[in-house]
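Shown next, in structure tokens, is the structure this report addresses.
Here the structure is a predicted model, which is why all the values come from computation and not from measurement.
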Amino acid sequence: MEIPGKEFYNRLDIDSVLSSVEDAGFSVSGHCLALNSLENRVYDVGLEEGGRLVVKFYRPGRWTLDQILEEHSFLKELEEVEIPVVAPLPLENGVTVRETKGIYYTIWPLQKGRLVEELDKNNLVQAGRLLARIHNIGASKQAKHRIEYNLKNFGEEPLRFLKEKEFLPTHLWKRYQEAANRIFSSFSEASKGMPFHRIHGDCHKGNLIQTADGLCFIDFDDFVTGPAVQDFWMLLPFGDSSSEYEREIFLEGYREFREFRSSWFDLVEPLRGLRYIHYSAWIAKRWEDPSFPNAFPHFGTEEYWERETQDLERLGSDLPVSSEPDGRNSFAKTDESELTNKDFFWDMED
């Protein structure tokens with residue numbers, strides 16, 4: 001079944017971008033620069049009177065209009081309590097979403113700032129406080145339309161897609177599936193009784209910038225209902241004793257505003273496993289997009305799937321066993337080397 005707007009989206013050009021911004025009520029200067037984004041099409045657009053805007057065209061078929069509007073509503077809630085985020089600009093009659101040729105797009109202010117390469121002690125405390133405040137607002141009401149970060153959406157369905165579309169070599173499938181099932185079992189056990197609420201969903205350093213006023217979280221495109229620790233594990237280091245020290249500093253800031261139990265870190269390794277599976281399926285589902293083969297030239301090769309299978313097996317075999325009376329896992333065993341954004345986002349540039 002053809003997704004409406006898909007063809008136009010894949011061949012989106014500068015003239016179409018500028019026309020869309022003008023249709024939204026802005027006079028453009030002609031400046032238009034494509035920004036580094038694979039999931040959506042994002043552009044830096046100059047205005048005739050000076051200044052610049054960011055326009056984001058949402059990938060067709062990914063989010064419904066209600067789901068996009070729920071992201072914008074969440075951002076507005078955060079802005080109203082002065083949590084530093086970037087929300088879309090309200091356009092005519094207060095709408096934040098427009099449509100052109102079957103695809104949705106939004107206009108955003110250009111937030112100046114620099115990416116945070118490393119979190120020092122002050123930034124760790126500040127990031128902890130900000131995330132706690134975001135989670136407090138996230139827990140204040142339920143999301144009606146956004147998906148939940150659960151085993152079905154981020155594990156079983158991606159795995160089923162890879163199998164049905166026969167992306168994995170036949171001789172690797174059994175090993176890959178067995179490793180995935182171990183991770184699924186661990187996720188189910190570790191997430192028992194854990195509170196789920198609205199979270200950022202894709203909280204890594206690439207979505208945290210340093211502005212003149214302090215830290216600011218950006219890009220809530222992946223916002224879901226999920227556990228708080230999902231917003232921790234890609235942002236914080238895990239590994240040696242120094243990593244534990246940095247996490248404790250972060251938690252000092254977080255716990256000023258919101259509870260976080262150390263046992264919830266039990267979910268980190270299963271979340272990493274789900275990430276591996278979901279990420280491969282994410283690439284596979286978008287392989288017809290011309291930008292994806294260019295960005296992932298080794299995807300789908302024998303070497304790629306052998307490495308993925310080995311990584312999944314290694315992670316599954318290192319999962320901690322249940323050792324406490326209530327059956328909860330002990331997050332005592334971790335990789336010796338510190339993890340970085342590159343471990344989770346293979347499309348990231350230096």
Side-chain angles (χ1 to χ4, degrees), residues 24 26 35 42 44 47 51-56 66-97 106-146 195-232 234-236 246-247 249-260:
F26 299 93
L35 300 180
V42 185
D44 178 338
L47 299 179
R52 285 141 61 195
L53 297 172
V54 173
V55 55
K56 178 166 82 172
D66 284 336
Q67 288 172 324
I68 294 172
L69 290 173
E70 197 159 49
E71 172 202 352
H72 298 177
S73 177
F74 187 27
L75 288 167
K76 184 178 180 181
E77 290 176 62
L78 297 174
E79 273 198 333
E80 288 176 348
V81 293
E82 300 182 343
I83 295 175
V85 295
V86 181
L89 295 173
L91 305 173
E92 185 180 3
N93 298 322
V95 301
T96 56
V97 181
T106 55
I107 311 291
W108 305 72
L110 179 66
Q111 174 63 64
K112 294 182 179 180
R114 59 178 176 81
L115 292 177
V116 178
E117 298 293 338
E118 296 294 336
L119 289 168
D120 59 25
K121 182 175 181 179
N122 291 332
N123 278 345
L124 282 166
V125 173
Q126 185 183 3
R129 289 168 178 161
L130 288 179
L131 262 184
R133 294 176 63 203
I134 289 172
H135 291 170
N136 279 338
I137 298 299
S140 66
K141 70 178 186 182
Q142 294 183 340
K144 295 180 179 179
H145 305 289
R146 280 286 171 143
F196 278 41
H197 49 77
R198 294 180 296 172
I199 59 174
H200 184 287
D202 193 29
C203 193
H204 57 87
K205 290 177 185 174
N207 284 332
L208 181 64
I209 61 174
Q210 179 75 55
T211 72
D213 298 320
L215 295 180
C216 175
F217 282 101
I218 62 174
D219 194 1
F220 281 66
D221 188 68
D222 289 294
F223 125 69
V224 292
T225 295
V229 73
Q230 168 62 18
D231 280 352
F232 289 7
M234 289 182 287
L235 187 65
L236 301 175
E246 291 181 40
R247 291 199 305 274
I249 294 175
F250 173 88
L251 286 176
E252 284 180 16
Y254 190 92
R255 286 170 171 156
E256 288 181 27
F257 292 89
R258 186 170 180 83
E259 176 193 19
F260 184 85

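- Here the straight-line distance linking atom CG of Leu75 with atom CD of Glu70 works out to 11.5 Å at 0.5 Å rounding.
- Proximity of Thr225 to Gln142: side-chain heavy atoms (C-beta onward) are nowhere separated by under 4.5 Å.
- Using a 4.5 Å heavy-atom cutoff, the side chains of Leu131 and Leu235 are in contact.
- A 4.5 Å side-chain heavy-atom check between Pro84 and Leu215 finds every atom pair outside the cut-off.
- Side chains of Leu208 and Leu119 form a contact here, defined as non-hydrogen atoms less than 4.5 Å apart.
- Atom CZ of Arg258 and atom CZ of Arg133 lie 13.5 Å apart (nearest 0.5 Å).
- Using modelled atom types, no side-chain atom of Asn93 and backbone atom of Val95 make a donor-acceptor pair closer than 3.5 Å.
- Residues Ser140 and Arg198 approach most closely at OG-NH2, 3.5 Å, considering heavy atoms.
- For the pair Asn207 (side chain) and Asp202 (backbone), a donor-acceptor distance under 3.5 Å is present.
- Sorted by first and then second residue, the pairs that involve residues 209-221 and meet side-chain hydrogen bond (donor to acceptor under 3.5 Å, both in side chains), not counting sequence neighbours, are Asn40-Asp221, Lys56-Asp221, Arg62-Asp221.
- Gln111 contributes atom CD, which lies 8.5 Å from atom CD1 of Ile218 (distance to the nearest 0.5 angstrom).
- Minimum interatomic distance between Pro90 and Thr96 (heavy atoms only, all atoms of both residues): CA-CG2, 4.1 Å.
- Separation of atoms CZ (Phe217) and CD1 (Ile134) is listed at 5.0 Å; rounding is to 0.5 Å.
- Looking at every heavy atom in both residues, Ala87 comes nearest to Pro109 through O-CD, 3.2 Å.
- No more than 12 heavy atoms of other residues, nucleotides or ligands sit less than 6.0 Å from atom CD of Glu82.
- For the atom pair CG of Leu35 and CG of Asp44, the computed distance is 5.5 Å after rounding to the nearest 0.5 Å.
- One N or O on the side chain of Asp231 and one on the backbone of Gly201 form a donor-acceptor pair closer than 3.5 Å.
- Of all the heavy atoms in Leu115 and Lys205, the pair that sits closest is CD2-O, 4.3 Å.
- Counting only heavy atoms from C-beta outward, the side chains of Phe26 and Leu91 approach each other to under 4.5 Å.
- To the nearest 0.5 Å, atom CZ of residue Arg247 and atom CG of residue Leu236 are 7.5 Å apart.
- With respect to Lys141 and Glu77, a salt bridge is recorded, a charged nitrogen being found less than 4.0 Å from a carboxylate O.
- Of the possible polar contacts, none joining the His197 side chain to the Ile137 backbone as a donor-acceptor pair under 3.5 Å is found.
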Can you give each donor-acceptor pair under 3.5 Å made by side-chain atoms of residues 249-256, sequence neighbours left out, with the distance rounded to 0.1 Å?
from   : atom 1 : to     : atom 2 : distance (Å)
Tyr254 : OH     : His135 : ND1    : 2.7
Arg255 : NE     : Phe260 : O      : 3.0
Arg255 : NH2    : Phe260 : O      : 2.7
Arg255 : NH2    : Ser262 : OG     : 3.3
Glu256 : OE1    : Arg129 : NE     : 3.1
Glu256 : OE2    : Arg129 : NE     : 3.3
Glu256 : OE2    : Arg129 : NH2    : 3.1

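- In this structure a side-chain-to-backbone donor-acceptor pair under 3.5 Å is missing from Gln67 to Arg146.
- For the residue pair Ile199 and Gly226, the shortest heavy atom distance occurs at CG2-O, 3.6 Å.
- For the pair Val54 and Val86, the minimum side-chain heavy-atom distance is 4.5 Å or more.
- When atom types are taken as modelled, the side chain of Glu71 and the backbone of Phe223 share no donor-acceptor pair closer than 3.5 angstrom.
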